[in-house]
Amino acid sequence: MSAITRPLGRLGRQVLAALAMVGRVAIFAADTVTHLARPPFYGREFLQALMQIGWLSLPVVGMTALFTGGALALQIYAGGARFNAETVVPSIVAIGLTRELGPVLGGLMVAARVASSIAAEIGTMKVTEQIDALVTLSTNPMKYLTLPRALAATLAVPVLVGVGDVIGIMGGFLVGVGRLDFGAGTYLHNTIDFLETWDVVSGLIKGAVFGFIVALMGCYYGMQSGRGAQGVGRATKAAVVAASVLILASNYILTELFFSA
């Protein structure tokens with residue numbers, strides 16, 4: 001192979017490897033969804049995953065939303081002051097949080113916390129041959145490990161996004177009233193008048209998609225984990241990176257679809 005064709009060959013192998021990875025993840029996702037319609041369903045695993053993903057993620061999502069809402073109010077006020085448009089602060093904070101920042105930042109926080117946890121847990125189970133033990137006991141690992149976590153994340157993350165929206169708007173309200181001299185009634189009135197139902201619903205739909213992505217990446221890379229502590233560590237890192245990138249990519253795709261609609 002000549003010096004000219006060698007880089008092309010390397011690039012081709014990387015492209016083929018990336019396409020093969022996309023195909024494996026797509027098959028894994030389809031397999032996860034198809035198990036939803038086939039018994040048995042492990043309710044205890046689902047409830048444990050719901051608690052781990054939903055309730056225990058609430059503090060970090062709430063704190064992120066609170067400070068994001070406050071910072072957003074300050075930045076919008078600083079920009080609006082250049083055009084004598086300070087009154088748009090309440091409406092832009094509400095719309096920005098519900099449509100974009102709430103679901104994206106909430107999804108990224110859940111990805112950092114949950115995708116790593118799932119990948120480490122399942123990766124450790126694979127290293128210690130617990131997954132092989134499940135197969136020996138005629139228990140499908142996809143149905144026992146992946147489906148409950150994917151379903152729990154798909155249901156829990158929209159709730160987290162909704163709560164984060166409320167907390168984030170409250171953060172903007174506290175900054176607007178306490179720091180920017182808005183009247184409390186005026187701020188709330190502008191928020192309610194300009195916020196539409198679709199603004200909230202579109203963010204919740206994004207939250208459901210992001211939750212599925214987070215759980216899917218955690219389970220996939222956990223199942224693909226190599227042997228030993230280094231293999232589990234690499235799987236954990238890959239799960240967080242893949243979930244974060246897919247959240248940002250799918251956010252653009254969903255925003256484009258919603259914008260066209």
Side-chain angles (χ1 to χ4, degrees), residues 17-33 35-36 45-46 48-65 68 100-126 141-142 145-162 164 203-226 230-257:
L19 292 176
M21 173 67 72
V22 171
R24 287 193 294 269
V25 172
I27 293 173
F28 189 85
D31 196 17
T32 300
V33 173
H35 277 295
L36 184 62
E45 290 294 315
F46 168 73
Q48 288 179 347
L50 198 63
M51 176 66 69
Q52 178 71 23
I53 297 170
W55 178 254
L56 297 181
S57 296
L58 185 57
V60 65
V61 172
M63 293 296 290
T64 301
T68 299
E100 193 70 22
L101 291 177
V104 171
L105 292 179
L108 291 176
M109 290 299 103
V110 173
R113 184 185 177 278
V114 173
S116 58
S117 174
I118 292 175
E121 181 182 0
I122 296 180
T124 302
M125 292 180 68
K126 182 178 180 181
M142 289 290 293
L145 297 175
T146 303
L147 179 60
R149 289 165 173 79
L151 183 59
T154 304
L155 296 176
V157 174
V159 177
L160 290 173
V161 169
L204 298 182
I205 294 173
K206 287 183 178 182
V209 174
F210 298 164
F212 181 77
I213 289 173
V214 167
L216 188 73
M217 291 298 99
C219 293
Y220 175 79
Y221 282 101
M223 294 285 190
Q224 301 296 320
S225 172
Q230 288 186 345
V232 175
R234 283 194 292 269
T236 302
K237 178 177 66 177
V240 175
V241 172
S244 300
V245 172
L246 286 176
I247 283 172
L248 295 174
S250 61
N251 176 65
Y252 173 77
I253 294 172
L254 291 172
T255 302
E256 188 71 35
L257 290 175

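In what follows, residues are counted from 1 in the order of the sequence shown. Everything numeric here is computed off the predicted structure, so don't read it as measured data.
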My understanding is that only residues two or more places apart in sequence, or in another chain, count here; which of them pass side-chain contact (heavy atoms from CB on, under 4.5 Å) with [X]?
X	result
A152	F46, A49, L50, I53
M63	F67
I205	W198, V201, F258
S117	Q52

How would you list all residue pairs meeting side-chain hydrogen bond (donor to acceptor under 3.5 Å, both in side chains) that involve residues 212-222, not counting sequence neighbours?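 Every pair satisfying side-chain hydrogen bond (donor to acceptor under 3.5 Å, both in side chains) with a residue in residues 212-222: R24-Y220.
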Taking side-chain hydrogen bond (donor to acceptor under 3.5 Å, both in side chains) as the cut-off, I'd like each qualifying pair that reaches into residues 232-250, sequence neighbours left out, listed once.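 Residue pairs with at least one partner in residues 232-250: there are none.
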Residues which pass side chain to side chain donor-acceptor pair (under 3.5 Å) with [X], listed by chain and number, not counting sequence neighbours:
X	value
E121	R149
S57	R113
E45	Y144
E100	K206, N251

Exercise: identify the closest heavy-atom pair between A29 and L216: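 Reported closest heavy-atom pair: CB-CD2, 3.6 Å.
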Filter on salt bridge (Lys or Arg N to Asp or Glu O under 4.0 Å), then keep only pairs touching residues 239-252, sequence neighbours left out; what's left?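 Listed once each, the pairs would be none.
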Salt bridge (Lys or Arg N to Asp or Glu O under 4.0 Å) pairs, two or more places apart, involving residues 239-249: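 Sorted result for residues 239-249: empty, none.
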What distance separates [X] [atom1] from [Y] [atom2], expressed to the nearest 0.5 Å?
X	Y	atom1	atom2	value
L101	T68	CG	OG1	7.0 Å
L160	M109	CG	CE	12.5 Å
I253	E256	CD1	CD	9.5 Å

